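For this chain, numbers begin at 1 and follow the sequence in order. Worth saying up front: this structure is predicted, and the values here are computed from it rather than measured.
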Amino acid sequence: MCGIVAYIGPKDATPFLLEGLARLEYRGYDSAGVAVAGRTGGLKLRKVKGRVADLAAAVPARFKGGTGIGHTRWATHGVPSDANAHPHLDNAERIAVVHNGIIENADELRAKLTADGAVFRSETDTEVLSHLIAAHAAGGVELEDAVRAALGRVVGTYGIAVLDAEQPDRIVVARNGSPIVLGIGEKEMFAASDVSALVRYTRQVVHLEDGELATVRADGFRTFTADARTTHRQPSTVDWEIDSFDTGGYEHYLLKEIHEQPGSVERTLSGRLDERFSTAHLGGLNLDARELREIRRVKILGCGSAYYAGEMGAQLIEELARIPAHSEPASEFRYRNPVIEADTLYVAVSQSGETYDTLAAVQEIKRKGGRVLGVVNTVGSAIARECDGGIYLHAGPEVSVASTKAFTSTVVAFALLALHFGRIHDLSPADGRRIVAALQALPDQIREVLDQSEAIAKLAAEYADSTGMMFIGRVRGYPVAREGAQKLKEISYVHAEAYPASELKHGPLALISPELPTVALVPDDELLDKNLTTLGEIKARSGRVIAVAHRRPEDRLVDHCILVPKSEPELDPLLLNIPLQLLAYHAAVALGRDVDKPRNLAKSVTVE
Ligand code: AGP
């Protein structure tokens, strides 16, 4: 959570810092700030409660310096306010720090520093770092040594960038559980918490490892460990396109990302389908057929939408490979002392690859000797690096807080995994061919759904002022209902509840009234009759029904119907989900919500 940027070079740092922060704003957006080491000495600082645009408006023209750091915040310690915004300074205003993560022993350190004379101006845990580093920097100590010494007293997670008014020819950055990436320019250097802030300036990057620090100067960098041992890091090249970080003519990133899905699904599938053997090739699994045959169970872990995508993945694995599979929130799994079995394959799902709960679950499994694969979008991310192997989504950067294209690509990746597993077990070549053909057809079928965007917008406007919405589906349709409800509540703030259609009569039917419309997933599969019966029960209680179906149910059963193209039954959930993304998007627009940056949320949850 939160975004960090830093610049050192011959140019004025401020324009880069502000632009970089705007690109990172999806990570947190309740306050923002910048600090530069002025050419005439001393630090200049501006920070405000609000968006990066508010910060840019507050930065005066004379706010210049060749070395600077910036931050956009998602509050954990202390309310969003000017005082709590980063950067934080020490009392002498010599050291400025921006920080992502949580300092767990902040209270204890604050008490000691206060006893030594430090005066705290914020409620944040971060401010202890500026006082602590300043205390260690006194007497001409090199900044990197002061930062190392200070971090040696800290318990917690951090990605930090530190600026020193007395050593403005360098910035020191450090990583422990919260990403920091260096960007290498021409006689200038950048650092950020996320490559999206850097791609306009350089494609050459170095991802710091946990426990690593770097001293960054205009002409290069040196990486080292907490005990001052130099490390040697080779830069890698970022292949994401700059226009992936623009709205590309769409009103919002979310709409753009929904419309990118035919292309992102093509990329997830690219080079992985094998028509000859009716299977999928997944080079990154690092598991051969013999090892895969020994797997007796699959446990999928993720948070939020990643968890729901995992539920669809579990369904696919059970259906195609006939291996018991189950998805669980990583945020719960990690706290319940889970039993780790040698013949279970654990799969961690994450768009960002940074979600702390998912990362902690992976670390717990590995500590107990389990084997973990990652299904991850962000190449080189913490979760991707922690796993034993995995599948990259190649969905491209997802900027909007609500996940859409990464969700769809995750399910496609699970379909590939299930196909691969299935063909090693008992899935017949004919069934394999059926799934391969259906996967190949998906991009065009998604386009067909997207063509209905305008009609769905009208429907969304009609229903947007409902007090709430019920989402129902059976078996394969239930995770679709859960993800549909998640999308609606997250961006429109309309209360939404998902239920298995089979469970309605065991309680929630009491809620049904004209004020609580139901979105029902009604695929044309072996459960169609059961689903139609449920629709009858809702209509008998004066409920309003929007069906998402392959063919329109009788008029007496539905008020509206969104038709989607038929795939193979196992893959139908993928297509049934797309209209729900559009429904949530258009409802949020109709209600005037901040679609890409919904209240209280941030894109990556890198804290507990
Ligand atoms: C999705 O719309 C949500 N913003 C959220 O549930 C998200 O999927 C979750 O926080 C997990 O993120 P990750 O995929 O980056 O790990």
Enquirer: Check whether any side-chain N or O of N91 sits under 3.5 Å from a backbone N or O of V119 as a donor-acceptor pair, and report yes or no.
Expert: yes
Enquirer: Report yes or no: do T355 and D357 form a side-chain donor-acceptor pair below 3.5 Å?
Expert: no
Enquirer: Can you check side chain to side chain contact (heavy atoms under 4.5 Å, CB included) on V216 and V173, steps first, answer last?
Expert: CA-CA 8 Å; V216 184; V173 294; 4.2 Å; yes
Enquirer: Less than 4.0 Å between a side-chain N and a carboxylate O, is that true for K187 and D219?
Expert: no
Enquirer: What's the spacing between M189 CE and F221 CZ if we round to 0.5 Å?
Expert: 5.5 Å
Enquirer: Do NZ/NE/NH1/NH2 and the carboxylate oxygens of E328 and R336 come within less than 4.0 Å?
Expert: yes
Enquirer: With salt bridge (charged side-chain N to carboxylate O under 4.0 Å, His left out) as the criterion, how do E364 and R334 come out once you've worked through the C-alpha distance, each side chain's angles and the decisive distance to 0.1 Å?
Expert: CA-CA 7 Å; E364 177 70 358; R334 58 176 291 226; over 6 Å; no
Enquirer: Could you walk me through whether I133 and D90 pass the side chain to side chain contact (heavy atoms under 4.5 Å, CB included) test, one step at a time?
Expert: CA-CA 8 Å; I133 294 168; D90 65 312; over 6 Å; no
Enquirer: Give me the ring orientation class for Y346 and F333: parallel if the planes are under 30° apart, tilted from 30 to 60°, perpendicular past 60°.
Expert: tilted
Enquirer: Taking the side chain as everything from C-beta on, heavy atoms only, tell me whether I95 gets closer than 4.5 Å to L89.
Expert: no
Enquirer: Quickly, which of L18, L17, V34, D12 forms a side-chain contact (heavy atoms from CB on, under 4.5 Å) with F63? Name it, please.
Expert: V34
Enquirer: Please round to the nearest 0.5 Å and tell me the distance separating atom OH of Y308 and atom CD1 of I300.
Expert: 15.0 Å
Enquirer: Ignoring hydrogens, what is the shortest heavy-atom contact between K47 and A83? Give both atom names and the distance.
Expert: NZ-O, 3.3 Å
Enquirer: Hey, are E209 and R385 close enough for a salt bridge, meaning a charged N less than 4.0 Å from a carboxylate O?
Expert: yes
Enquirer: I'd like to know if the side chain of W74 and the backbone of V605 have a donor-acceptor N/O pair within less than 3.5 Å.
Expert: no
Enquirer: Is it true that Q204 and T237 share a donor-acceptor pair across their side chains at a distance under 3.5 Å?
Expert: yes
Enquirer: So which atom in G389 and which in N286 form the shortest heavy-atom distance, rounded to 0.1 Å?
Expert: CA-ND2, 3.6 Å
Enquirer: Any non-hydrogen side-chain atom of L113 less than 4.5 Å from a side-chain atom of V128?
Expert: yes
Enquirer: Report yes if some heavy atom in the side chain of K487 is under 4.5 Å from a heavy atom in the side chain of S403; otherwise report no.
Expert: yes
Enquirer: Looking at S381 and N377, would you say the former's side chain and the latter's main chain have a donor-acceptor pair under 3.5 Å?
Expert: no
Enquirer: Any heavy-atom pair between the side chains of S327 and L301 that's under 4.5 Å?
Expert: no
Enquirer: Strictly below 4.0 Å, N to O, side chains only: are R175 and E354 in salt-bridge contact?
Expert: no
Enquirer: Can you check whether D145 reaches H136 side chain to side chain, under 4.5 Å on heavy atoms?
Expert: no
Enquirer: Are any non-hydrogen side-chain atoms of K489 and H495 less than 4.5 angstrom apart?
Expert: no
Enquirer: Identify the two heavy atoms, one from L24 and one from S196, that lie closest to each other, and give their separation to 0.1 Å.
Expert: CD2-OG, 3.5 Å
Enquirer: Do E144 and R222 meet the salt-bridge criterion of a basic N to acidic O distance under 4.0 Å?
Expert: yes
Enquirer: Please name the pair of heavy atoms, one in R73 and one in P80, separated by the smallest distance, quoted to 0.1 Å.
Expert: NH1-CA, 3.7 Å
Enquirer: Would you call Y307 and V349 a side-chain contact if the rule is heavy atoms closer than 4.5 Å?
Expert: no
Enquirer: For the side chain of R233 and the backbone of T223, is there at least one donor-acceptor N/O pair under 3.5 Å apart?
Expert: no
Enquirer: With rounding to the nearest 0.5 Å, note down the distance linking NZ in K366 to SG in C387.
Expert: 7.5 Å
Enquirer: Look up atom OG in S130 and atom CG in D164, then write down how far apart they are to the nearest 0.5 Å.
Expert: 12.0 Å
Enquirer: Quiz question: by atom type and distance under 3.5 Å, do the side chains of K112 and N105 form a donor-acceptor pair?
Expert: no
Enquirer: Heavy-atom count check: over 12 atoms from other residues, nucleotides or ligands less than 6.0 Å from R153 CZ?
Expert: no
Enquirer: With side chain to side chain donor-acceptor pair (under 3.5 Å) as the rule and sequence neighbours excluded, what pairs involving residues 48-64 come up?
Expert: R51-D594
Enquirer: Do you know the tightest heavy-atom contact between A197 and V5?
Expert: CB-CG1, 3.8 Å
Enquirer: Just do the side chain to side chain contact (heavy atoms under 4.5 Å, CB included) check on L393 and V376 with the steps written out, would you?
Expert: CA-CA 6 Å; L393 301 180; V376 175; over 6 Å; no
Enquirer: Report yes or no: does R217 contribute a side-chain atom to a donor-acceptor pair with the main-chain N or O of R170 at less than 3.5 Å?
Expert: no
Enquirer: Would you find a donor on one side and an acceptor on the other, under 3.5 Å apart, between the side chain of D388 and the backbone of V372?
Expert: yes
Enquirer: With heavy-atom distances below 4.5 Å as the criterion, would you say the side chains of Y29 and V401 are in contact?
Expert: yes
Enquirer: Could you walk me through whether V154 and L129 pass the side chain to side chain contact (heavy atoms under 4.5 Å, CB included) check?
Expert: CA-CA 8 Å; V154 159; L129 291 175; 3.7 Å; yes
Enquirer: Check for a donor-acceptor pair, side chain of R46 on one end and backbone N or O of V59 on the other, with a separation under 3.5 Å.
Expert: no
Enquirer: Just by distance, with hydrogens left out, do H71 and N100 show a side-chain donor and acceptor under 3.5 Å apart?
Expert: yes
Enquirer: Which heavy atom in Q351 sits nearest to a heavy atom in A406, and how many Å separate them?
Expert: CG-CB, 3.3 Å
Enquirer: Side-chain donor-acceptor pair under 3.5 Å between N84 and T124, yes or no?
Expert: no
Enquirer: How far does NE2 of H259 sit from CG of L254, to the nearest 0.5 angstrom?
Expert: 9.5 Å
Enquirer: Does R599 make a cation-pi contact with Y493 (under 6.0 Å, within 45 degrees of the axis)?
Expert: yes
Enquirer: Looking only at side-chain N and O atoms, does T408 offer a donor or acceptor that is under 3.5 Å from a partner on Q261?
Expert: yes
Enquirer: Do we see a donor-acceptor contact under 3.5 Å between the side chains of S305 and E483?
Expert: yes
Enquirer: Looking at F120, is R110 sitting on its ring face, NZ or CZ under 6.0 Å from the six-membered ring centre and within 45 degrees of the normal?
Expert: yes
Enquirer: Is it true that E212 and T225 share a donor-acceptor pair across their side chains at a distance under 3.5 Å?
Expert: no
Enquirer: Under the side-chain contact (heavy atoms from CB on, under 4.5 Å) test against I4, which residue among V98, T72, V181, I69 passes?
Expert: V98
Enquirer: State whether E257 and K405 are salt-bridged, where the test is any N-O pair (Lys NZ or Arg NE/NH1/NH2 against Asp/Glu carboxylate O) under 4.0 Å.
Expert: no
Enquirer: Would you check if there is a donor-acceptor pair between the side chains of T358 and S350 at a distance under 3.5 Å?
Expert: no
Enquirer: Is a side-chain N or O of N176 found less than 3.5 angstrom from the main chain of G156, in a donor-acceptor match?
Expert: yes
Enquirer: Rounded to the nearest 0.5 Å, how far does CG of D596 lie from CG of L601?
Expert: 12.5 Å
Enquirer: Any chance the side chains of E19 and Y201 put a donor and an acceptor closer than 3.5 Å?
Expert: yes
Enquirer: Do T378 side-chain atoms and S352 backbone N/O form a donor-acceptor pair below 3.5 Å?
Expert: yes
Enquirer: Could you check whether E127 and S122, counting side-chain N and O atoms only, form a donor-acceptor pair closer than 3.5 Å?
Expert: yes
